[in-house]
Amino acid sequence: MYAKALRQLREAGAATIAFDVDFSASSRDGSDAVFAAEIERSKGAVVLPIFFQQDGRSHNTPISMLAKEAAFGGVNVPVDADGKVRRYYTAIDGANASMAMAIAGAPPPLQDSFLIDFGIDASGVSRLSFTDVLSGSFDPARVRGKAVLIGGTAIELGDQFSTPASARMEGVLIHALAYESVIQRRMLQEQPRLMTLLMAIAALAALWPKRQSLNVGELITRHAAMVSFAILAPLVIQRYLPLSIPTSEVLIAQTLCLWFSIQQELQRRSDELIAQREDHLSFIARHNSETSLPNHLAMIEEGADFDLRDADLHPAAILIGIDRFATLRGAVGYAHAGAALKAFALQVEKLEDGEVTRKGPVFQLSPSILGILVHLPSSADAEKAAKSYLERLDARIHLEGSELALHWRAGIATHGENVRTIIENAHLALDAALLQNKSVNFYNSANATDPKRQLSMLIDVAEGLERGDFSLVYQLKVDATSYKPKGAEALIRWRHPQHGFVPPDQFIPVAEHSGAIHRLTEFAISVAVKDQVRMKKLGLDLPLSVNLSGRSIADVAMRDFIIDKCNRFGARLCLEITETAMIENPEGAKDSLKRFKAAGISISLDDFGAGLSSLAYLKDWEADELKLDRSLIKDVKTGERDRKILGATVELAHSLGMMVVAEGVEDEEMAIKLADLGCDSLQGYFFTAPKPFEAMIETAAALPSAMVKS
Ligand code: C2E
Ligand code: CA
Ligand code: CA
């Protein structure tokens, strides 16, 4: 049968006829001889198979009768670990070429094996059925000059392999493709491992994630380019060169880079998120939630690099507090009050002065207190400079179309161990400004209120009254033109057994915070009423003024006590009440004022010009006397504008039926100017200092002839 096939093919002009058929056993019917004769006739054009047994030692060769005139070709194919056939031997042992090499008649190359080029189209291999060959019913042109491989193709024969090109490929077709690879010089060589490794390293270098933030588009482009390159480059190269490039390492490197890039980006984003959250927390910790203004902590931090020891720069903290902020907030609401404060902070920020320079922003230390850090000029001018700096502050705030006039005070401190204590001291100065009704107050370590001392003083006021530490001194008021005594103001004095003389500015505010002020007021009223009786007996009938603390005005028991005392002793008393005291409890104060007036007690509005000083209140209070504060009259000698304001105030007070007293008159020029402006009475060191009762009586008798009037 094979003999007949061989003859048909030879006669059709086939160049080589190879058999992938086992001829290692003789057939019994003598057909071997016929086949051997045909082989001989084919003159070396026949290739017969030899193959190794499974054990790898022995190999099957065709029976010697057939082997004489035929060439041998090894038909073993190496199967890779994954069960796929990729490579093809060049020879199966030292002597015998493999089937494809034998058919091609090519000298075996140096390497043991090569990669079959599965890129060669397997369907391009022409097929003839064995039966058609036997019967000669085929076109001889299809075999002429060609190599013909005869082998089993039926699935049952089991001679099938898995290849990269197809899951099942007949052994004979593998030999055919291997042959094509040989004659087309496409015996692919595997790339040396080192090369692959270098390519993988190059891929790593190209794709390794960079430090900076990831551009997702760029990442995708780079990786897509690398994947396309890894897939396409071997195909293109393989098209022109017998090189098979394994790119799995490159792809692994690429995947690794992709993974790292994603990891790094995720890490970077989480770091960024944490950093953002920390920034936010740090902002919250350093800013007021309502106004977003930097807070106390921020001020301390800003002040940390504020050189406190630099004597040339005179660092200082200024705290500006808004009076009655709680009342304002109650009236306009939290949101508007916050907006007002913010607008006020803007005004503070706008303050500019050649002598005072602000450092850092405007801070908010409490709902009603703003703070700034500044450099002041030399200590001698510091107070004046700070005051003129703050005087520029325009406290009129425009809120939703309406104007709001904020009343502020400032506390200033220049000395302290660190910025924290400077701020604290400025705070104490601000508290004191409120208690002493000053608009600007400098912290003074000498007379600073020591909390411990204040506490002991609270206890001591009661004890001091028992001990008889307290006394009254009197300062005369004189007629502005004749300098004749018109009255006297009673001022309280405390001679403390340990602390010595304690100024009323210090213990009155403290006593106001406890109930002790009532006992002090009772003391002052009692003594003044008795002293007036004594004065009358001495032939001096003057009204006496007693200062009434804000706390005492609306106190019904105190009111009744005062009225009762005056009635019993027939005293002519004047009560000096500060404006702030009345504003704090207007209803209670108004009621008391009415009753005092009904009882023949006159009312003097004290400290006008020191604090809020609204002319609008003047007509509401129906006082008998207006006392212009020292701060309002101190510039009367030089300031044209001050003089105008004073003149208008005096005029208004007169039109409302009030007498006008100027206090703190320290020299003659002031006295003359104030008299010119229309003041009715004057009070101050120029005429007399506050003196004990007897001394005051003597002074009163000597006035006005004691005054040298020019
Ligand atoms: P005030 O009612 O404004 O009293 C006037 C203060 O100015 C007094 O201080 C007086 O000694 C001072 N003074 C008088 N003439 C001059 C002057 O020409 N130049 C300067 N620089 N100062 C002058 P003092 O006695 O230390 O009293 C301070 C404050 O204590 C008073 O201010 C008053 O608010 C309060 N005070 C005094 N006695 C009493 C009292 O019996 N009851 C109450 N509730 N407060 C009192
Ligand atoms: Ca007074
Ligand atoms: Ca006063």
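In this text the structure is predicted, and so the values were computed from the model without any measurement. One-based numbering, in listed order, for ligands and for the atoms of each.
With distances taken over non-hydrogen atoms, the option nearest atom 31 (C) of ligand 1 out of L491, D667, L682, V665 is L491. Among E663, E666, M670, the residue whose heavy atom lies nearest to atom 5 (C) of ligand 1 is E663.
Of all the N, O or S atoms in E663, the one closest to the Ca ion (ligand 3) is OE2. Nearest N, O or S atom of E489 to the Ca ion (ligand 2): atom OE2. The Ca ion (ligand 2) is closest to atom OE1 of E576 (considering only N, O or S atoms).
At a heavy-atom cutoff of 4.0 Å, ligand 1 is contacted by the side chain of R493 but not by its backbone. Proximity of Q683 to ligand 1, defined as any heavy-atom pair under 4.0 Å, is not found for any part of the residue. Of the heavy atoms in D606, only side-chain atoms (C-beta onward) come closer than 4.0 Å to ligand 1.
In this structure, atom 2 (O) of ligand 1 has protein heavy atoms in its sub-4.0 angstrom surroundings. Closer than 4.0 Å to atom 9 (O) of ligand 1 lies none of the heavy atoms of the protein. The protein does not reach atom 34 (O) of ligand 1 closely, with no heavy atom under 4.0 angstrom from it.
In the vicinity of P504, heavy-atom distances shorter than 4.0 Å reach the ligand 1 atoms 24 (P), 25 (O), 26 (O), 27 (O), 28 (C), 30 (O), 37 (C). Numbered from 1 in the order shown, with element, the atoms of ligand 1 that lie under 4.0 Å from a heavy atom of P690 read 11 (O). Heavy-atom contacts of S549 reach the following atoms of ligand 1: 44 (N) (cutoff under 4.0 Å). The atoms of ligand 1 that sit less than 4.0 Å from any heavy atom of G664 are 16 (C), 17 (C), 18 (O).
Under the side-chain hydrogen bond (donor to acceptor under 3.5 Å, both in side chains) test applied with S545, the options K627, E489, K477 reduce to a single match, K477.
For I492, a nitrogen or oxygen atom sits less than 3.5 Å from a nitrogen or oxygen atom of ligand 1, counting backbone and side chain alike. Backbone and side-chain nitrogen or oxygen atoms of N547 are examined, and one is located within less than 3.5 angstrom of a nitrogen or oxygen of ligand 1.
Given atom 28 (C) of ligand 1, the protein heavy atom at minimum distance is D505 OD1, 3.3 Å.
Looking at L677 and V660, their side chains never come closer than 4.5 Å, going by heavy atoms from C-beta outward.
Taking the centre of each ring, F344 and F325 stay at or above the 6.0 Å mark.
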Run the salt bridge (charged side-chain N to carboxylate O under 4.0 Å, His left out) check on D564 and R568 step by step: do they pass? CA-CA 6 Å; D564 179 59; R568 269 206 282 148; 3.5 Å; yes

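Put simply, CD1 on I577 and OG on S604 are 8.5 Å apart, with the number rounded to the nearest 0.5 Å.
One N or O on the side chain of S592 and one on the backbone of I553 form a donor-acceptor pair closer than 3.5 Å.
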